[in-house]
Amino acid sequence: MAEAETQGKQVKPILPFLHISDNPDEKPYLAGSKCKSCGATYLGARMACSKCFSTEPMEDVKLSDKGELHVFSIVHQSAPGIPTPYVAAIVDLPEGVSVRCNIEGVEPDPKNLKFGMPVEMYTEIVHTDRDGNDIMAFKFRPAK
Amino acid sequence: MREVAMVGAGMIKFGRYPEKGVHELAAQAALLALQDADMTMKDVELLASGNLYQSSAMIGQRIMKEIGQTGIPVINVANACATGSTAYREAYMAVASGAYDTALAVGSEQMGKMGLLGGGGGGGGGGISPEGIVGSGLMPAVFGQAGVEHMRNYGTTEEQFAKIAVKNHKHSMHNPYSQYQVEMSLEDVMNARTIAWPNTLYMCCPTGDGAAAAVLTTMEKAKQLTTEPIKVATSTLTSDPYTERDLTMPDVNTLTKNASKLAYEDAGVGAEDLDLVELHDCFATAEMLHYENLGLCGEGEAGKLIDDKETYVGGRIPVNASGGLLSKGHPLGATGVANICEVYWHLKGQAGGRQVEGAKVGLAHVIGLGSACTIHILQK
């Protein structure tokens with residue numbers, strides 16, 4: 001009789017490919033899809049394979065939370081209201097997928113970042129939307 | 001396909017014109033191009049108008065309401081930063097196909113002091129923008145990262161990127177159409193505040209307003225109008241093919257490489273035949289990449305090309321004699337047509353103090369993030 005109370009406030013992902021499980025023991029992860037014909041792997045879902053054009057439904061894959069820093073920029077000027085400076089990066093995951101992300105846990109200075117350095121994903125609540133839902137984002141930091 | 005010639009060019013000085021409507025800027029440029037071709041709207045059989053931010057405002061038809069309504073077909077075009085050059089291509093295709101003899105291409109934009117731009121969609125869910133939380137899709141970061149990838153691959157330095165801005169600002173001093181005409185030292189560029197590393201303020205193009213126009217006709221008609229017709233040797237358009245990181249990190253290289261290969265084949269010329277290049281230096285880092293993408297030097301040699309000052313006017317292959325987007329400005333829809341006008345003026349010997357002496361073959365390159373790439377090669 002008290003089940004209705006669980007309705008209402010939820011945790012929502014900032015981008016649709018951040019998968020948040022109903023099971024609180026399962027860590028959120030980046031969801032990908034893999035073409036069954038050519039093996040090309042994508043962040044999130046695709047209607048058909050952009051590489052080989054196969055329209056066969058893709059295989060859902062759970063992407064790794066560890067990757068390598070491909071490239072970055074240090075953003076000093078952004079749109080109004082966005083705090084700067086910060087590290088805007090591209091991280092390569094072992095599944096052959098690249099992710100656009102912020103790198104946290106280091107001072108935003110080129111000397112603190114090395115091409116190919118191992119990084120790991122974590123999540124945090126970054127906003128509350130107007131309906132009171134928590135918005136969860138993923139970020140990367142140097143791997144421990 | 002028929003041979004197509006360019007017989008008129010016109011542009012207004014890029015800058016800020018808050019007191020004018022964008023269709024007025026566009027009409028002004030259109031009139032200049034028509035006058036240059038010794039024509040009026042009654043000679044035009046098709047109008048292609050490029051404008052990005054007011055792409056739903058029927059700018060093409062509004063131009064005609066200012067300078068002559070003849071009921072001809074009008075195409076309004078939007079293709080990111082390649083909007084103007086895609087409009088030019090529509091005009092080219094109309095003439096090349098044999099459907100029309102004379103076409104007018106106009107590119108225009110009124111950006112005012114619009115802030116930083118993003119490209120290619122990718123917004124977040126739930127009404128919360130991921131910008132700055134999950135990396136950046138804004139152009140300074142995208143082209144910062146593209147430059148950093150060149151650093152990673154070839155050891156290119158911040159100083160080498162800055163040298164490109166020094167060159168383009170120097171070139172702008174001779175271009176009365178340029179939004180900014182300010183010569184700067186390497187220190188001025190490198191000590192300016194960073195926008196998105198490695199690009200500082202003076203390594204980023206400004207926003208602004210502007211318009212440019214071009215008249216295209218058959219080579220046969222062009223020969224009746226002038227003893228020195230300028231041939232449009234190719235009008236090439238590509239989009240980004242599948243590459244591994246493209247969906248996350250816009251790949252600005254592959255589609256330009258593909259376009260240059262197709263363009264050189266179509267025009268029957270090679271990079272070594274070019275006398276000048278106007279390329280899409282929205283950021284200093286972008287120009288570095290396109291030296292290689294356009295085959296002006298070998299892979300990994302772009303840093304040396306600017307170190308050796310080979311892309312200065314007077315060098316082996318002058319690039320962005322106009323001052324480039326960095327100085328001349330980048331009113332998105334106008335840029336693609338303006339780049340082609342610049343090449344046209346050099347081939348006609350009308351480029352004033354920035355003239356590349358004896359120029360016979362020139363290339364104009366534009367890339368719009370999302371992505372679209374155009375290459376036009378003009379030939380005397």
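Values below: every heavy atom of this structure, side chains too, minus hydrogens, waters and symmetry copies. The model shown is predicted, which means the values in this text are computed figures rather than measured ones.
- Heavy-atom contacts from other residues, nucleotides or ligands closer than 6.0 Å to CD of Glu299(B) number more than 12.
- Residue Glu244(B) places its CD atom among 12 or fewer non-hydrogen atoms of other residues, nucleotides or ligands, all under 6.0 Å distant.
- Highest contact tally toward chain B, considering only Phe72(A), Phe115(A), Tyr42(A), is held by Phe115(A) [criterion: heavy-atom pairs under 4.5 Å].
- Within the 4.5 angstrom heavy-atom criterion, only side-chain atoms of Val126(A), from C-beta onward, approach chain B.
- Closest approach of Leu15(A) to Pro130(B), counting heavy atoms only: CD2-CG, 3.9 Å.
- Dense packing is recorded around CZ of Phe138(A), with more than 12 heavy atoms of other residues, nucleotides or ligands lying under 6.0 Å away.
- Within the 4.5 angstrom heavy-atom criterion, only side-chain atoms of Tyr86(A), from C-beta onward, approach chain B.
- In terms of heavy atoms, Ala88(A) sits closest to Ala141(B) at CB-CB, 4.4 Å.
- Contact of the Asp92(A) side chain with the Arg245(B) side chain is registered, since non-hydrogen atoms from C-beta on lie closer than 4.5 Å.
- When the shell of 6.0 Å around NZ of Lys36(A) is examined, it contains more than 12 heavy atoms from other residues, nucleotides or ligands.
- Of the possible donor and acceptor atoms, one in the side chain of Thr248(B) sits under 3.5 Å from a partner among the backbone N and O of Ser98(A).
- When heavy atoms are compared at a cutoff of 4.5 Å, Phe140(A) does not approach chain B at all.
- Residues Arg100(A) and Gly137(B) share a closest heavy-atom pair of NH1-CA, 3.4 Å.
- Residues Val134(B) and Ile14(A) are in side-chain contact: their nearest non-hydrogen atoms beyond the backbone lie under 4.5 Å apart.
- Of the two parts of Ala89(A), only the backbone, made up of N, CA, C and O, holds a non-hydrogen atom closer than 4.5 Å to a non-hydrogen atom of chain B.
- The OG atom of Ser78(A) sits 10.5 Å away from atom CD1 of Ile195(B), with the distance rounded to the nearest 0.5 Å.
- Lys139(A) touches chain B through its side chain: at least one heavy atom from C-beta onward sits under 4.5 Å away, while N, CA, C and O do not.
- For Leu247(B), the part lying under 4.5 angstrom from a heavy atom of chain A is the side chain only.
- For NZ of Lys261(B), the number of neighbouring non-hydrogen atoms (other residues, nucleotides, ligands) closer than 6.0 Å is 12 at most.
- Within the 4.5 Å cutoff, the side chain of His70(A) has no heavy atoms near those of the Gln145(B) side chain.
- For Lys163(B), the NZ atom counts as densely surrounded, since its 6.0 Å shell holds more than 12 non-hydrogen atoms of other residues, nucleotides or ligands.
- Across all their heavy atoms, Ser50(A) and Tyr242(B) have their closest contact at O-CB, 3.6 Å.
- What you find for Asn102(A) and Gly135(B) is that their closest heavy atoms are OD1-N, 2.7 Å.
- Residue Ile82(A) touches chain B through its side chain alone, counting heavy-atom pairs closer than 4.5 Å.
- Neither the backbone nor the side chain of Val87(A) comes within contact range of chain B, judged by heavy atoms closer than 4.5 Å.
- When all heavy atoms are compared, the tightest approach of Ser136(B) to Val75(A) is CB-CG2, 4.4 Å.
- Listed options Gly96(A), Pro110(A), Ala137(A) were ranked by heavy-atom pairs under 4.5 angstrom with chain B; first place goes to Pro110(A).
- Side-chain contact between Ile90(A) and Glu149(B): absent, with no pair of heavy atoms (C-beta onward) separated by less than 4.5 Å.
- Interface summary for chain A: among Gly144(B), Ala196(B), Gly132(B), the most heavy-atom pairs under 4.5 angstrom belong to Gly132(B).
- Among the candidates Asp246(B), Ile133(B), Thr194(B), Leu201(B), the residue making the largest number of heavy-atom pairs closer than 4.5 Å to chain A is Ile133(B).
- Once rounded to the nearest 0.5 Å, the distance linking OG1 of Thr200(B) with CD of Gln77(A) reads 11.5 Å.
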